[in-house]
Amino acid sequence: MGADHSIDSQPIILFDGVCNLCNGTVAWIIRHDKKLVFKFAALQSAFAQAQLKSVGTSTQVDSIVLIQNGKVLYKSDAALTIAGQLSGLWPILKIGKILPRFVRDTVYDFIARHRYRVFGRTDQCQLPTPELMQRFIS
């Protein structure tokens, strides 16, 4: 993987590596990230844990996390910011930011709370293809 993993070098998405919904979401983001904006790391990885500690965040976070330009975004803020940087029509989803964060995050939390029951979990990390390996930080 890349040598420079500084928090300011490239947007990094931290995700639950054992969650089927989260893994599917990462695969979806990769398909729509034609400009290769994002790097990825599982929340369970040593790298992600170190990044969370370095920004003063609990390492027990239960949310998608976007680290970009020295800022850390969670839940719906992270999801909508990510959508805003994808190719195609997906940036239109940023309009969701007109809703108050507590409304957006209530929906996010509901889905997150039930994700294992509805979508399942895996004990195995999905291995990316060799060409995608450079986008993942272990």
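Positions are given from 1, in the same order as the sequence printed here.
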**OP:** Tell me yes or no: between the side chains of K97 and S76, is some donor less than 3.5 Å from an acceptor?
**Re:** no
Original post:
Just by distance, do the side chain of K34 and the backbone of R31 share a donor-acceptor pair under 3.5 Å?
Top reply: yes
Subject >> Candidate pair D33 and Q85, rule side chain to side chain donor-acceptor pair (under 3.5 Å), full reasoning >> reply: CA-CA 8 Å; D33 183 16; Q85 297 178 63; over 6 Å; no
Subject >> Spacing of CG belonging to D16 relative to CD belonging to Q44, to within rounding of 0.5 Å >> reply: 5.0 Å
**OP:** Provide the closest heavy-atom pair for A48 versus A42 in the form atom of the first, atom of the second, distance.
**Re:** CB-O, 3.1 Å
Subject >> Interatomic spacing from CG in D109 to NE2 in H114 - rounded to 0.5 Å >> reply: 10.0 Å
Original post:
So do the side chains of K75 and S63 get within less than 4.5 Å of each other, counting heavy atoms only?
Top reply: yes
Subject >> Check ion pair D77-K71 (N to O, under 4.0 angstrom) >> reply: no
Subject >> Enclosure of L36 CG (heavy-atom neighbours >12, cutoff 6.0 Å) >> reply: yes
Subject >> Check: F40 main-chain N/O paired with R135 side-chain donor or acceptor under 3.5 Å >> reply: no
**OP:** Report, as yes or no, whether the 6.0 Å neighbourhood of atom CG on L89 holds more than 12 heavy atoms from other residues, nucleotides or ligands.
**Re:** no
Original post:
Would a 4.5 Å heavy-atom cut-off, applied to side chains only, mark W28 and W90 as touching?
Top reply: yes
Subject >> Side-chain heavy-atom pair F110, V107 within 4.5 angstrom cut-off >> reply: no
**OP:** Could you tell me whether the side chain of Q68 and the main chain of I12 form a donor-acceptor pair under 3.5 Å?
**Re:** no
**OP:** With side-chain contact (heavy atoms from CB on, under 4.5 Å) as the test, would you mind laying out the steps for F136 and I30 before giving the verdict?
**Re:** CA-CA 11 Å; F136 286 82; I30 288 170; 3.8 Å; yes
Original post:
Can you check whether L80 reaches L73 side chain to side chain, under 4.5 Å on heavy atoms?
Top reply: no
Subject >> N/O donor-acceptor pair under 3.5 Å between S45 side chain and A41 backbone >> reply: no
Subject >> Within-4.5 Å side-chain heavy-atom neighbours: F38 and V26 >> reply: no
Subject >> Interatomic spacing from OG1 in T106 to CD1 in I111 - rounded to 0.5 Å >> reply: 11.0 Å
Original post:
Does I29 reach the side chain of F15, with side-chain heavy atoms less than 4.5 Å apart?
Top reply: no
Original post:
How many angstroms lie between OH in Y74 and CG in D105, if you round to the nearest 0.5 Å?
Top reply: 12.0 Å
**OP:** Kindly compute the distance separating CD1 (I82) from NZ (K94), expressed to the nearest 0.5 Å.
**Re:** 13.0 Å
Original post:
If only atom types and distance count, is the side chain of Y108 paired as donor or acceptor with the main-chain N or O of I64 below 3.5 Å?
Top reply: yes
Original post:
Cluster question for you: counting only ILVMFWY and a side-chain heavy-atom cut-off of under 4.5 Å, with indirect links fine, are L43 and V55 together?
Top reply: yes
Original post:
Out of curiosity, L14 CG to T57 OG1, how far, rounded to the nearest 0.5 Å?
Top reply: 9.5 Å
Original post:
Counting only heavy atoms not in L99, do more than 12 sit closer than 6.0 Å to its CG atom?
Top reply: yes
